[in-house]
*Asks:* 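Attaching a single structure in structure tokens format; questions to follow.
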Amino acid sequence: MAERDNRGGRRDDRRDRDENPEFADRLVAINRVSKTVKGGKRFGFAALVVVGDQRGRVGFGKGKAKEVPEAIRKATEQAKRGLIRVPLRDGRTLHHDIEGRHGAGRVVMRTAVPGTGIIAGGPMRAVFEMLGVQDVVAKSLGTQNPYNMIRATIDGLKSEASPRSIAQRRGKKVADILPSQDRAPESQVPENQQGTDATATSAQPQEA
């Protein structure tokens, strides 16, 4: 009886995993290809899918089959096998501006302030949404082929580096890598204000 209960618990765990999957997927493009043969035409489908956990991991894949669901399934499996991890600043945007290239595809991605949103079109938006980016400005300057656009985007994301990784590479602290904020000390007053204060002090009558 105990073994049966354990089996039932395992089945419940599998159901929970299926209902709450770790990765989300987005269908970017699907193409229908026809081949003319003796007696008619044979149709095939090619699917392009982007997969990510929306917490810093993303991947893409393509699949071909005679049916659309089978092509999507193959593309999803390939995308899960090729996941990459991208460091995000505050879990919402990129650490720095990056540029990616693949073939005739060229994309530029820039970090953005909170509240900007995802300013990108087509396949690039799908990559950022599956990655978990909330604020980014991106532009495609090359081909409009979705395959090359996604490959160029992934190429740029691979080149991104976080301050922690750069600090470890140089053997320094993260505080030494980050740019310091230009704050003027309170004791230093601009010259124009100093002259105004001096004039105002001299104009006041001295008490006897």
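Excluded from the calculations below are hydrogen atoms, water molecules and symmetry mates; all remaining heavy atoms, backbone and side chain alike, are included. The chain is numbered in sequence order, starting from 1.
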*Asks:* Within this structure, what is the CD1-CD1 distance for the pair Ile30 and Ile72, rounded to the nearest 0.5 Å?
*Replies:* 5.0 Å

*Asks:* Check the hydrophobic clustering (I, L, V, M, F, W, Y; side-chain heavy atoms under 4.5 Å; chains of links allowed) and say if Leu157 and Ile119 are grouped together.
*Replies:* no

*Asks:* So Thr153 and Phe60, do their side chains get closer than 4.5 Å, heavy atoms only?
*Replies:* no

*Asks:* Treat each ILVMFWY residue as a node, draw an edge where side-chain heavy atoms are under 4.5 Å apart, and state whether Val49 and Met124 are in one component.
*Replies:* no

*Asks:* Between Lys74 and Lys64, which heavy-atom pair has the shortest distance, and what is it?
*Replies:* NZ-O, 3.2 Å

*Asks:* For the residue pair Ala75 and Ala47, what are the closest heavy atoms and their distance?
*Replies:* CB-O, 3.7 Å

*Asks:* Quick check for you: to the nearest 0.5 Å, what is the distance between Ser159 atom OG and His96 atom NE2?
*Replies:* 6.5 Å

*Asks:* Between Asp90 (side chain) and Arg92 (backbone), is there a donor-acceptor pair under 3.5 Å?
*Replies:* no

*Asks:* Hey, could you give me the CZ/CZ distance between Arg26 and Arg125, rounded to the nearest 0.5 Å?
*Replies:* 9.0 Å

*Asks:* So, do Val86 and Val133 sit near enough that their side-chain heavy atoms are less than 4.5 Å apart?
*Replies:* no

*Asks:* Do you know which two heavy atoms are closest between Asp135 and Pro114, and how far apart they sit?
*Replies:* OD2-CA, 3.5 Å

*Asks:* Going by heavy atoms in the side chains, are Thr116 and Val136 under 4.5 Å from each other?
*Replies:* no

*Asks:* Going from CG on Asn148 to NE2 on His102, what distance comes out if it is rounded to the nearest 0.5 angstrom?
*Replies:* 5.0 Å

*Asks:* Heavy atoms only: give me the nearest Gln54-Ala24 pair and the separation to one decimal.
*Replies:* NE2-CB, 4.1 Å

*Asks:* Examine distances only and state if a side-chain atom of Thr111 and a backbone atom of Asp97 form a donor-acceptor pair shorter than 3.5 Å.
*Replies:* no

*Asks:* Might you point out which heavy atoms bring Ala112 and Val137 nearest each other, and give the distance in Å?
*Replies:* CB-CG2, 4.2 Å

*Asks:* Report yes if some heavy atom in the side chain of Glu129 is under 4.5 Å from a heavy atom in the side chain of Val50; otherwise report no.
*Replies:* no

*Asks:* Any side-chain heavy atom of Lys62 within less than 4.5 Å of one from Gln78?
*Replies:* yes

*Asks:* Can any side-chain N or O of Arg85 pair as donor or acceptor with the backbone N or O of Arg57 at less than 3.5 Å?
*Replies:* no

*Asks:* Is any side-chain heavy atom of Leu131 closer than 4.5 Å to one of Leu88?
*Replies:* yes

*Asks:* Using a strict cut-off of less than 4.0 Å between a Lys/Arg side-chain nitrogen and an Asp/Glu carboxylate oxygen, indicate whether Glu70 and Lys66 qualify as a salt bridge.
*Replies:* no

*Asks:* Flag yes if Met109 and Ile154 sit in one hydrophobic cluster, no otherwise; membership is Ile, Leu, Val, Met, Phe, Trp, Tyr, and two members link when side-chain heavy atoms are under 4.5 Å apart.
*Replies:* yes

*Asks:* Can you tell me how far apart CZ (Arg73) and CD (Glu67) are? Round to the nearest 0.5 Å.
*Replies:* 12.5 Å

*Asks:* Enter the distance from Met130:CE to Asp25:CG here, rounded to the nearest 0.5 Å.
*Replies:* 7.5 Å

*Asks:* Determine whether Tyr147 and Leu48 make a side-chain contact, defined as any pair of heavy atoms from C-beta on separated by less than 4.5 Å.
*Replies:* yes

*Asks:* Locate the shortest heavy-atom distance separating Gln134 from Gly91; write the atom from each residue and the value.
*Replies:* NE2-O, 4.2 Å

*Asks:* Check whether Val127 and Val108 end up in the same hydrophobic cluster, where Ile, Leu, Val, Met, Phe, Trp and Tyr are linked by side-chain heavy atoms less than 4.5 Å apart.
*Replies:* no

*Asks:* Can Phe128 be reached from Ile84 by stepping across I, L, V, M, F, W or Y side chains whose heavy atoms are under 4.5 Å apart?
*Replies:* yes

*Asks:* Can you find a pair of side-chain heavy atoms, one from Asp155 and one from Val107, that are under 4.5 Å apart?
*Replies:* no

